[in-house]
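In what follows, chains are A, B, ... by sequence order, proteins preceding strands, each numbered from 1. Quick note: numbers below take in every heavy atom, side chains included, and nothing from hydrogens, waters or symmetry partners.
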Amino acid sequence: MKLKSQLNKLIKEAFIKAGIDAEPISVSEATQPQFGDYQFNGAMALAKKLGKNPREIAAEILNALDTSTLIQKAEIAGPGFINLWLDHKWVASACKDALSDERVGISKLETPVKVVVDYSGPNMAKQMHVGHLRSTIIGDTLSNLLEFLGDEVIRQNHIGDWGTQFGMLIAYLEESGNEGAEQLCDLEEFYKEAKTRFDADKAFADKAREYVVKIQSGDHHCLNLWQKFIDASLGHCEDVYGKLCVNLTREDVKAESFYNEDLPQVIEDLIQEGLLQESNGAQCVFLEGEEIPVIVQKGDGGYLYATTDLAALRYRANVLHAKRICYVVDARQSEHFRQIFHVAKTSRFVPEDVKLEHVAFGTMMDKSGRPFKTRDGGTVKLIDLLDEAVIRAKDAIKERENYTEEEVEHLARIVGIGAVKYADLSINRESNYIFDWDKMLSFEGNTSLYMQYAYARIQSIFKKHHAAVEGDIIITDALEHQLAVMLLRFEDILERAAEDASPNQITTYLYEMVTLFMRFYEQNPILKEGVDEAIRMSRLQLADLTAKTIKKGLELLGIEVVDRL
RNA sequence: GCGUUCGUAGCUCAGCUGGAUAGAGCACUCGCCUUCUAAGCGAGCGGUCUCAGGUUCGAAUCCUGACGGACGUACCA
């Protein structure tokens with residue numbers, strides 16, 4: 001239900017009817033329940049323009065406002081606010097419609113676009129670590145969300161499979177022979193051993209350097225070794241994606257190396273555009289008003305990540321025909337993206353109308369506010385973190401009820417992984433965030449378990465109620481009304497979250513909505529004796545819509561629900 | 001040095017397309033289970049929204065500056 005735009009339409013019509021020649025600002029959610037459901041604050045701003053008292057303007061708008069359908073009551077308050085109350089019956093019927101709709105009342109975008117979402121992007125030389133968590137789940141959520149709203153989403157996993165360290169790694173892989181494949185079980189260890197060998201043995205180091213050149217010149221033997229290594233490494237990533245319930249597959253992989261062939265052409269085209277300059281031996285693009293150039297080719301002829309990114313950008317714009325390209329990458333690279341977006345546009349590699357976005361996010365910190373590391377200062381492997389989440393969740397769950405071993409395993413996975421993802425997604429993505437096990441798994445406040453718990457409670461109602469659920473939704477009190485309106489706001493929230501690429505708007509909404517439901521549920525009995533049958537049916541339906549909304553919301557975040565908890 | 005970004009309750013965070021008395025959770029105090037999951041609900045306590053100016057009828061939100069932190073700053077990604 002696009003509540004806001006429906007209200008805005010009514011306001012706009014009132015403006016026309018009242019002869020006010022201005023574009024009204026959007027209505028907003030009422031700041032407090034006593035001010036209704038929505039408020040229009042645009043009258044005050046018009047005072048100067050129209051040379052009238054704001055309350056007078058508000059009165060004119062009010063007089064012209066159609067209150068025959070969704071608006072039940074409108075009042076002027078304070079200096080010129082217009083408070084809007086939605087009609088009980090209209091709200092009830094809209095909820096009923098949402099309930100019978102597979103998409104819980106969320107329509108598809110009228111003008112969907114093709115969007116590339118670039119996320120995760122692990123380096124194949126090493127195992128995924130905690131630093132990859134945010135990109136992976138924020139990107140996945142954004143993809144799910146845009147897809148659900150109707151955009152055509154192309155997920156792109158820009159894996160790092162190229163660079164000098166691969167010479168060393170494949171040389172070591174070759175040396176290890178058949179055992180090599182087994183040793184790849186632990187990439188960190190493998191990397192360390194290869195590095196030790198590299199530093200200690202000059203002949204090995206020479207061979208490693210030779211292999212770098214050989215891969216790059218297309219040598220079959222070396223490319224085979226390289227491919228074997230990449231396959232194993234990607235397998236590790238897929239384990240992580242599986243555990244995280246992230247929708248990334250091999251089909252989404254478009255590795256760095258994919259763009260290799262285009263790199264000389266990128267340089268050539270930049271020359272054609274007259275953008276390239278040599279500086280200290282390197283090929284650079286100097287942007288207007290900026291001191292530091294974008295280096296696209298090193299003095300030794302090698303290419304850099306800026307070059308690859310430019311190639312990727314134009315592939316996405318011109319071959320994939322994306323109209324919006326989102327890079328879900330650490331905020332520390334914002335300078336880099338600002339520059340290459342600039343170059344991509346001025347070089348006309350990417351058409352003017354393509355939106356380029358750096359969906360930046362902050363760093364994950366430990367409890368003391370330092371970047372998240374292991375005790376001995378190493379990086380924390382993502383797979384280890386996820387396993388620990390499941391173990392901790394298991395401890396928290398097992399004594400709650402008489403679960404079988406199997407049930408505990410199943411629940412712990414859903415609860416533990418959900419907790420990690422939710423904790424991350426519920427933080428405004430641009431700020432750094434403190435990773436805190438206790439908070440995450442305490443299951444209080446705005447956590448995944450609170451939502452999962454509410455969902456399970458609702459399912460338990462339906463387990464006890466066997467008869468058919470039918471009839472109208474009847475709104476009997478203020479809390480019920482608030483909950484119903486809140487449920488109808490879901491679409492507005494999703495659209496805004498998609499526009500801003502910020503998952504935490506979804507979590508904030510879910511938390512507020514579920515809190516309302518919990519209050520409603522405390523206050524308004526459903527199955528208890530003495531509840532009028534029609535009211536019971538109505539409340540069952542509100543509970544059902546609440547559950548469906550929780551489920552859909554969590555699903556977009558890649559978090560599962562369970563019927564019993 | 002320059003640039004980016006952040007600074008909201010004891011702690012962790014929302015709110016930031018300008019609107020009415022700045023919101024949650026944790027912690028602390030108190031209350032609510034003889035039938036719908038108490039991993040819940042209610043009440044209380046807690047604020048110079050870092051500071052100083054400016055724009056505005058109105059600023060946590062926009063602008064300028066200061067202070068404090070984080071990050072970035074030419075051949076790594």
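Comparing the C1' positions of C67(B) and G31(B) gives a spacing of 45 Å, expressed to the nearest Å. Rounded to the nearest Å, the gap between the P atom of A70(B) and that of G58(B) is 38 Å. U50(B) and G42(B) have their C1' atoms separated by 35 Å, given to the nearest Å. Rounded to whole Å, the separation between the C1' atoms of G68(B) and A59(B) comes to 23 Å. The P atoms of G18(B) and C62(B) are separated by 9 Å, rounded to the nearest whole Å.
Nearest nucleotide to the side chain of Arg400(A), out of A39(B), G25(B), A74(B): A39(B). With C36(B), U37(B), U21(B) as the choices, the nucleotide that has an atom nearest any side-chain atom of Lys528(A) turns out to be C36(B). Across C26(B), A20(B), A74(B), the shortest atom-to-atom separation from the side chain of Ile295(A) is found for A74(B). When each of C26(B), U37(B), U21(B) is scored by its nearest atom to the side-chain atoms of Gln34(A), the top-ranked nucleotide is U21(B). The side chain of Lys464(A) sits closest to C36(B) out of G42(B), A77(B), C36(B). The side chain of Glu444(A) sits closest to C26(B) out of A20(B), C26(B), C36(B).
The 5' end of RNA chain B is approached more closely, in terms of each residue's nearest nucleotide, by Ile82(A) than by the other of Gly302(A) and Ile82(A). Between Tyr305(A) and Glu430(A), the one whose closest nucleotide on RNA chain B sits nearer the 5' end is Glu430(A).
For Arg370(A) and A70(B), the CZ to P distance is 12 Å, given to the nearest whole Å. At whole-Å resolution of the value, CG in Asp330(A) and C1' in A77(B) are 11 Å apart. In this entry the distance linking CE of Met364(A) with P of C6(B) reads 21 Å, nearest Å.
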Below 3.5 Å is the cut-off: list the nitrogen or oxygen pairs between protein and nucleotides 8-19 of chain B, distance only.
unit_1: U12(B); atom_1: O2'; unit_2: Lys439(A); atom_2: NZ; d: 2.6
unit_1: C13(B); atom_1: OP1; unit_2: Ile434(A); atom_2: N; d: 3.0
unit_1: A14(B); atom_1: OP1; unit_2: Asn428(A); atom_2: N; d: 2.7
unit_1: A14(B); atom_1: OP1; unit_2: Ser431(A); atom_2: OG; d: 3.3
unit_1: G15(B); atom_1: OP2; unit_2: Asn428(A); atom_2: ND2; d: 3.4
unit_1: U17(B); atom_1: O4; unit_2: Arg496(A); atom_2: NH1; d: 3.0

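Look at Arg457(A) and you won't find any side-chain N or O under 4.0 angstrom from OP1 or OP2 of G40(B). The side chain of Arg332(A) places no N or O atom within less than 4.0 Å of a non-bridging phosphate oxygen (OP1 or OP2) of A77(B). Regarding contacts with the backbone of G25(B), every side-chain N or O of Tyr450(A) stays at 4.0 angstrom or more from both OP1 and OP2.
Residue pairs satisfying the ring-ring contact (aromatic ring centres under 6.0 Å, His included) criterion with at least one member in residues 25-53 of chain A, sequence neighbours excluded, are listed as follows: Phe15(A)-Phe40(A).
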| request: Map every base of RNA chain B to its dot-bracket character, where paired means a Watson-Crick or G-U wobble contact with both distances under 3.5 Å and | marks a partner outside the strand. | output: (((((((..((((.....[...)))).(((((.......))))).....(((((..]....))))))))))))....
| message | Walk me through whether Gln523(A) and Asp477(A) qualify under side chain to side chain contact (heavy atoms under 4.5 Å, CB included). | response | CA-CA 10 Å; Gln523(A) 188 174 306; Asp477(A) 67 10; 3.4 Å; yes
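Side-chain to base pairing of Asp309(A) with A77(B): no donor and acceptor N or O lie closer than 3.5 Å to each other.
With a glycosidic angle more than 90° from 0, C28(B) adopts the anti conformation.
We find that the ring of Tyr453(A) and the base of G40(B) do not stack by the test of centres under 5.5 angstrom and planes tilted less than 30°.
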